[in-house]
Q: 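My questions all concern the structure below.
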Amino acid sequence: MSVCERDTLGYDPTLYYNGEEHRWEIKVYDDRTDAHKAFELVSCMRISDRMCGRHICCFDCKEIEPSGILTSMASQRQNHAEFLRKSNIHQVQTGGNADVECISAARKRQKNNDVQTPDNSTIDNTHTSMEEIMNERRQEAGYIAKHAVRKDIDSLFSLVKPKKTAKAIVDPIIEATLATINNGFRTLSGKPIDAVISKDMLAEYGNSFDLDRAVESTFRLSKLNEELFQGVSEAAMYPLFRDFIMLVAHHVKSGAERFIAERSVKPKGKRKKPSAAIEPVLILPYNGGDFKPEGSDDRTKIDGALALCELPSPIEPQGSPNYKDIFAIGELKQWERDSLQAFTQLAEYTRNIYANQDHRRFAWGLTMCGTKVRGCLFHHDGVRATSTMDFASPGGRERLVALLVHWSFCSFTRLGYDTNMRRLKEENAWEIRCPDHDDDGKRNSFTSYITTRTILNASSLFGRHTRCYIARRKDDTSGTEVVLKDSWSLPRDLKKQSAISTVPDEARNLQLIKEKFAGETLNFSYPQVVTSSRAKLSVGGKYIIDDTLAIYEYDDGDEEQMYRVRSLIVTTPVGGFIKRVKNEAELVLVLSDAMECHNAILEKCGLLHRDISVNNILVITNDSDDSLRRPVKGLLIDYDHAISVDQDSTGNGTRSGTLPYMSIHNLEGAPGKRSALDDWESLLYLICWLGTFGINSKDRDNINKDETAEIEKWRRGTMKSIAKCKRRQMNSIDSFSGSILAGFQKEYLILKRLATDIYMALFQHSGCEGAFLDTEEIAAPSSYALAIAAKLNSLQGGQSSSKQPKPDPLAVRKEYEKAIVDDLLKAIRSATETSEDYCVLLAAAQGSKTAPNQ
């Protein structure tokens, strides 16, 4: 009875006490969605007090949101995006665009349903505290630990298992390590257990490596389940685990030095010379435990971490932990029952590895709960974990030792690093080799670029892991700058079997724009592609495409594995973030250029952008003759979600965009294709957001928290609730003025007028006025309901007895799309003229102030 499950003892496993939140919770299964829902018990209305019978208990409950158990695996793609939205997760940014992609975006099908949250700078504009951010990240990590970890994937061992040429080197190291451990165990097993394990063990450990102490630490680790060890704190595990890692590294170093010595000697006879391609490293722990590495953007602390060290580094704990150097994070728990918490914390902390290591393709990690150890691999859409390696058993120790040794001898690509990126420490820059040709490894010439500064890094655990740099060609002495975008794209409607021949969507879209606009004189700027290609890796002396298949060289039977391909796109011109504008007039000029570009690309190329957001519109300094009237220009970027208007006609209601700028129909996932009006609606929300929270850091001090309550709802709650909120706010000019325009900063007169004009064109066009108050009213009646209504109508002499549902004005307005777009262009062009005049007057006023006295 002491070791059996609680439900076997008569307790209900669906009803439990949440100690962290100090509340009782219950899980209820919904067979319609094949999912569970979590509820908080607010009060008890009735409780059973009988010995026999139905034992009825009634509770007053409220649903817990967000809840990871709300997601069924069958619909995980849509629901995970919804969960991330509710959690307001701060994710990777794509060309200035925060990208939140589903954990299982292609578990059943690879649709484009990418939902994105505000970028970090936008979050700073609001009133999100560090505690809120950490809580939101913890919620995301908890969801990942419950639903995105595939356990018992022992093919991970095959991923780092050495080839035949290295097997003869690695196997003796594993055998020597195990021999040292087993000999020590035989000696220590003869001693009383309390002589080996004590509660004062922490005082026995220093910062240096001692082989005998390391063997004793390994023995103590294997006894974590012993009764005498149960009173020892989790902190006592840190030095034990650290000593064990150094014990393995000690034998790796000895074997590697012999291997290097043999490699330098010319072989005699037919004996083969050891492979020169193998470059062993040492896996060493960091000193201490429960520390905060440098490079973290919050206050979280990790239990331990491993570093890759070059030979002949001394066997000792590494100091000054920095996320730039961490190879893998380790989370240690005293009890096996805490495995979910270990996975949660490991997921929460691993995002910092991607944020600080630009050359990281995927990441490794370890959890140790009691004596049960798992190796973990974090890829772009989930986590894979090995089966448990029980440190208390000889077989479990052997598998863990083998994993550590294999890490030391496998290639850097298998460890998750990009060998085409080289850190230039003296210049504080990266050298990135971009393929000149986008093929399957047939032509393998490269052009090297040197980064001058990083625009965006990959600060999320999952998704596209987009990184953007300002760079220059290594062989270009003129110093001409370009934008280099490195992203793991999700090709649209592509199965894994045919993925090897895919081209990323954005690269294809940019090539189309380049072809259509070639030779034309335009009054706006657009991204001009210099080169675009899928990234390539050198593996086994040949080049392969860097994609999901390159990460997993084996087939583990996961037919639902999401396929991604890594792309490198170089474009011009170089722009800056929209927050660089000095005033509202410059902002209007930038937005005007972006939407003129949007309209031209739609008409000329048939591409709908589908992600108008604050980070996808950049600022370019205008150096032409009209710089007095137009000191800045706008640049619309990130065409990864752009889609042909003909292609987006399936009516599947897929969603893409950046919250809180998504249109109402986009939030609702309404059937039917998206239109230009959805992008213009996103522009309206963007203007309202900046008008409320300020267009730059100077204006953010003027935020009145009491006046931002309504617009704050655009980034909190579910997509459905946000859409319902926007319908209420956009239903009439009075509701729009009272809830949104009232929060604008008082000096933004041009911006406020532009927002009003765009609103009137979108929501008050003749024939499709309003936006409804309740999304429930929008559903079209079923054919059965219409038949019943017709029957009743005929029985009553043609007089209908029921009120017909009102048509959705947002659906009706598509019939007026051309006229509405014309009104929208007139509105923004009128605001542009006003802004140009303002810039001229401002320049004249500044000129008079700086002119010398006559």
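Scope of the values below: all heavy atoms of this structure, side chains included, with no hydrogens, waters or symmetry mates.
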Q: Drop me the distance from M662's CE to S613's OG, to the nearest 0.5 angstrom.
A: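 Between M662 CE and S613 OG, I get 11.5 Å after rounding to 0.5 Å.
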
Q: Determine whether the side chains of T718 and S721 contain a donor N or O and an acceptor N or O closer than 3.5 Å.
A: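 Distance-only check passes for T718 and S721.
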
Q: Of all the heavy-atom pairs spanning A676 and V821, show the shortest one and how long it is.
A: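 Heavy atoms only, the tightest pair is CB-CG2, 4.4 Å.
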
Q: Under 3.5 Å, is there a donor-acceptor pair linking the side chains of D611 and N616?
A: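 There is such a pair between these side chains.
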
Q: State whether the side chain of S627 and the backbone N or O of D623 hold a donor-acceptor pair below 3.5 Å, judged by distance alone.
A: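 Side chain of S627 to backbone of D623, a donor-acceptor pair under 3.5 Å: no, none is there.
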
Q: Do you know which two heavy atoms are closest between G767 and V812, and how far apart they sit?
A: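 In terms of heavy atoms, the two residues are closest at O-CG1, 3.7 Å.
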
Q: With distance as the sole test, does T692 use its side chain to make a donor-acceptor pair with the main-chain N or O of C688 at under 3.5 Å?
A: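 Indeed, once roles are kept as given, a pair shorter than 3.5 Å links the two residues.
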
Q: Between K604 and E520, is a salt bridge (charged side-chain N to carboxylate O under 4.0 Å, His left out) present by the stated rule, with each step listed?
A: CA-CA 12 Å; K604 192 84 172 177; E520 293 195 15; 2.7 Å; yes

Q: Start with the C-alpha gap between E596 and R829, add the side-chain angles, then the distance that decides, and say whether salt bridge (charged side-chain N to carboxylate O under 4.0 Å, His left out) holds.
A: CA-CA 9 Å; E596 292 285 359; R829 286 166 183 170; 2.7 Å; yes

Q: If only atom types and distance count, is the side chain of H609 paired as donor or acceptor with the main-chain N or O of I637 below 3.5 Å?
A: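 Yes, the answer is positive, given that a donor and an acceptor are paired below the 3.5 Å cut-off.
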
Q: Given R629, which of E833, E586, E836 fulfils the salt bridge (Lys or Arg N to Asp or Glu O under 4.0 Å) condition?
A: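 Between R629 and the candidates, salt bridge (Lys or Arg N to Asp or Glu O under 4.0 Å) is satisfied uniquely by E836.
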
Q: Would I578 and L618 satisfy side-chain contact (heavy atoms from CB on, under 4.5 Å), going step by step from the backbone distance to the final call?
A: CA-CA 5 Å; I578 206 168; L618 302 185; over 6 Å; no

Q: Could you check whether D297 pairs with R137 (Lys NZ or Arg NE/NH1/NH2 to Asp/Glu carboxylate O, under 4.0 Å)?
A: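 Looking at D297 and R137, the cut-off is met.
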
Q: For a quick test of reading the model, state the closest non-hydrogen atom pair linking N696 to K582 and the distance between them.
A: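 Nearest pair, atom of N696 first, then K582: ND2-O, 3.7 Å.
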
Q: Between the side chains of R813 and E681, is the shortest nitrogen-to-carboxylate-oxygen separation below 4.0 Å, so that they form an ion pair?
A: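 Yes, this pair counts.
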
Q: Is E668 salt-bridged to R727, cutoff N-O under 4.0 Å?
A: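 Yes, charged N to carboxylate O under 4.0 Å.
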
Q: Are H380 and H465 an aromatic pair by the rule of ring centers under 6.0 Å?
A: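 Yes; H465 has its ring centre under 6.0 Å from that of H380.
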
Q: Working note: D822 + K826, criterion salt bridge (charged side-chain N to carboxylate O under 4.0 Å, His left out); need CA distance, chi angles, decisive distance, verdict.
A: CA-CA 6 Å; D822 289 341; K826 289 178 183 178; over 6 Å; no

Q: Ring centres under 6.0 Å, that's the criterion: do Y816 and H765 meet it?
A: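 Between H765 and Y816, which both carry aromatic rings, the centre distance is below 6.0 Å.
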
Q: For E747 and K752, what are the C-alpha separation, side-chain angles and deciding distance, and is it a salt bridge (charged side-chain N to carboxylate O under 4.0 Å, His left out)?
A: CA-CA 9 Å; E747 64 272 20; K752 192 172 185 178; over 6 Å; no

Q: Could you check whether any side-chain heavy atom of L602 comes within less than 4.5 Å of a side-chain heavy atom of V645, counting everything from C-beta outward?
A: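 Yes, their side chains come closer than 4.5 Å.
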
Q: I'd like to know if the side chain of Q729 reaches the main chain of F736, judged simply by a donor and an acceptor atom lying under 3.5 Å from each other, with no hydrogens or angles considered.
A: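 No, Q729 side chain to F736 backbone: no donor-acceptor pair under 3.5 Å.
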
Q: Would you say that S675 contacts D678 through its side chain, given a criterion of any heavy-atom pair below 4.5 Å between the two side chains?
A: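 S675 vs D678: side chains touch.
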
Q: Any chance you could measure Q764, atom CD, to M730, atom CE, to the nearest 0.5 Å?
A: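 The distance works out to 11.0 Å.
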
Q: For the pair H665 and D808, evaluate side-chain contact (heavy atoms from CB on, under 4.5 Å) and give the outcome as yes or no after the intermediate values.
A: CA-CA 10 Å; H665 267 185; D808 179 9; 2.8 Å; yes

Q: Test your reading of the model: is there a side-chain donor-acceptor pair from D757 to the backbone of A827, 3.5 Å cut-off?
A: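 No.
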
Q: Quick one: do the S835 and T832 side chains pair a donor with an acceptor below 3.5 Å?
A: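 There is no such pair between these side chains.
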
Q: Between SG of C605 and CD of Q511, what distance do you get to the nearest 0.5 Å?
A: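 Spacing of SG (C605) from CD (Q511) equals 12.0 Å.
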
Q: Distance from M760 atom CE to I820 atom CD1, nearest 0.5 Å?
A: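 Here the interatomic distance stands at 12.0 Å.
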
Q: Examine distances only and state if a side-chain atom of K514 and a backbone atom of N509 form a donor-acceptor pair shorter than 3.5 Å.
A: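 Checking the backbone N and O of N509 against the side chain of K514, no donor-acceptor pair under 3.5 Å is found.
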
Q: Are any non-hydrogen side-chain atoms of I711 and W689 less than 4.5 angstrom apart?
A: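 I711 reaches W689 side chain to side chain.
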
Q: Only one of N523, N622, V619 forms a side-chain contact (heavy atoms from CB on, under 4.5 Å) with K633, so which one is it?
A: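 Between K633 and the candidates, side-chain contact (heavy atoms from CB on, under 4.5 Å) is satisfied uniquely by N622.
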
Q: Quick check: do L636 and P527 have side-chain heavy atoms less than 4.5 Å from each other?
A: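 Result no, sub-4.5 Å side-chain heavy-atom pair not found.
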
Q: Pick from V614, I828, I758: which one makes a side-chain contact (heavy atoms from CB on, under 4.5 Å) with I687?
A: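 So the option named by the test is I758.
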
Q: Whether the side chain of E481 engages the backbone of V574 through a donor-acceptor N/O pair (distance < 3.5 Å, no angle test) should be reported.
A: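 The answer is no, because no donor-acceptor pair under 3.5 Å joins these two groups.
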
Q: Should R630 and D593 count as an ion pair when the cut-off is N to O under 4.0 Å?
A: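 Yes, this pair counts.
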
Q: Tell me whether D626 at atom CG has more than 12 heavy atoms from other residues, nucleotides or ligands lying less than 6.0 Å away.
A: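 Count over threshold, so yes.
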
Q: Using the rule given for side-chain contact (heavy atoms from CB on, under 4.5 Å), can you reason through N583 versus Y838, listing the C-alpha separation, both sets of side-chain angles and the distance that settles it, and then say yes or no?
A: CA-CA 10 Å; N583 49 60; Y838 179 90; 4.1 Å; yes

Q: Within 45 degrees of the axis of the six-membered ring of Y354 and under 6.0 Å from its centre: does R467 put its NZ or CZ there?
A: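 No, R467 does not lie over the aromatic ring of Y354.
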
Q: Using modelled atom types only, decide if a donor and an acceptor are shared between the side chain of R453 and the backbone of I470 within a distance under 3.5 Å.
A: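 It does not hold such a pair.
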
Q: If I compare all heavy atoms of G691 with all of Y748, which pair ends up nearest, and what's the gap?
A: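 That would be O-CD1, 3.4 Å.
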
Q: For a quick test of reading the model, state the closest non-hydrogen atom pair linking G634 to S525 and the distance between them.
A: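 In terms of heavy atoms, the two residues are closest at O-CB, 4.0 Å.
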
Q: Give a yes-or-no answer on whether the side chains of D679 and H598 include a donor-acceptor pair shorter than 3.5 Å.
A: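 Looking only at side-chain atoms, H598 and D679 do form a donor-acceptor pair, the distance falling under 3.5 Å.
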
Q: Below 4.5 Å, heavy atoms only, C-beta onward: do R753 and I750 meet side chain to side chain?
A: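 R753 vs I750: side chains apart.
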
Q: Would one find more than 12 heavy atoms of other residues, nucleotides or ligands at under 6.0 Å from atom NZ of K814?
A: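 Counting other residues, nucleotides and ligands, NZ of K814 exceeds 12 neighbours.
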
Q: Could you check whether any side-chain N or O of N731 sits under 3.5 Å from a backbone N or O of R728, counting only pairs where one atom can act as donor and the other as acceptor?
A: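 Pair absent, no side-chain N/O of N731 close to backbone of R728.
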
Q: Please give me the minimum heavy-atom distance between I695 and E584, naming the atom from each residue.
A: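 Heavy atoms only, the tightest pair is CD1-N, 3.5 Å.
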
Q: Please answer whether the main-chain N or O of G463 pairs with a side-chain N or O of S460 as donor and acceptor at a distance below 3.5 Å.
A: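 No, S460 side chain to G463 backbone: no donor-acceptor pair under 3.5 Å.
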
Q: For the residue pair L587 and L690, establish whether any side-chain heavy-atom pair is separated by less than 4.5 Å.
A: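 Of all side-chain heavy-atom pairs linking L690 with L587, at least one is under 4.5 Å.
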
Q: For the residue pair S459 and R351, establish whether any side-chain heavy-atom pair is separated by less than 4.5 Å.
A: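 The answer is yes; the side chains approach within 4.5 Å.
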
Q: Please find out if less than 6.0 Å separates the ring center of Y759 from that of F763.
A: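 For Y759 and F763, the ring centres are under 6.0 Å apart.
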
Q: Looking at CZ of R138 and CG of N135, how far apart are the two atoms once the value is rounded to the nearest 0.5 Å?
A: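 R138 CZ to N135 CG: 6.0 Å, rounded to 0.5 Å.
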
Q: Begin from the C-alpha positions of I569 and L510 and carry the test side-chain contact (heavy atoms from CB on, under 4.5 Å) through to its verdict.
A: CA-CA 9 Å; I569 301 176; L510 289 175; 3.8 Å; yes

Q: Would you indicate whether the side-chain heavy atoms of F577 and L456 approach each other to under 4.5 Å?
A: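 Yes - at least one pair of side-chain heavy atoms lies under 4.5 Å apart.
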
Q: Run through Y685, F693, Y661 and flag the one making a ring-ring contact (aromatic ring centres under 6.0 Å, His included) with W714.
A: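 Option passing the ring-ring contact (aromatic ring centres under 6.0 Å, His included) with W714: Y685.
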
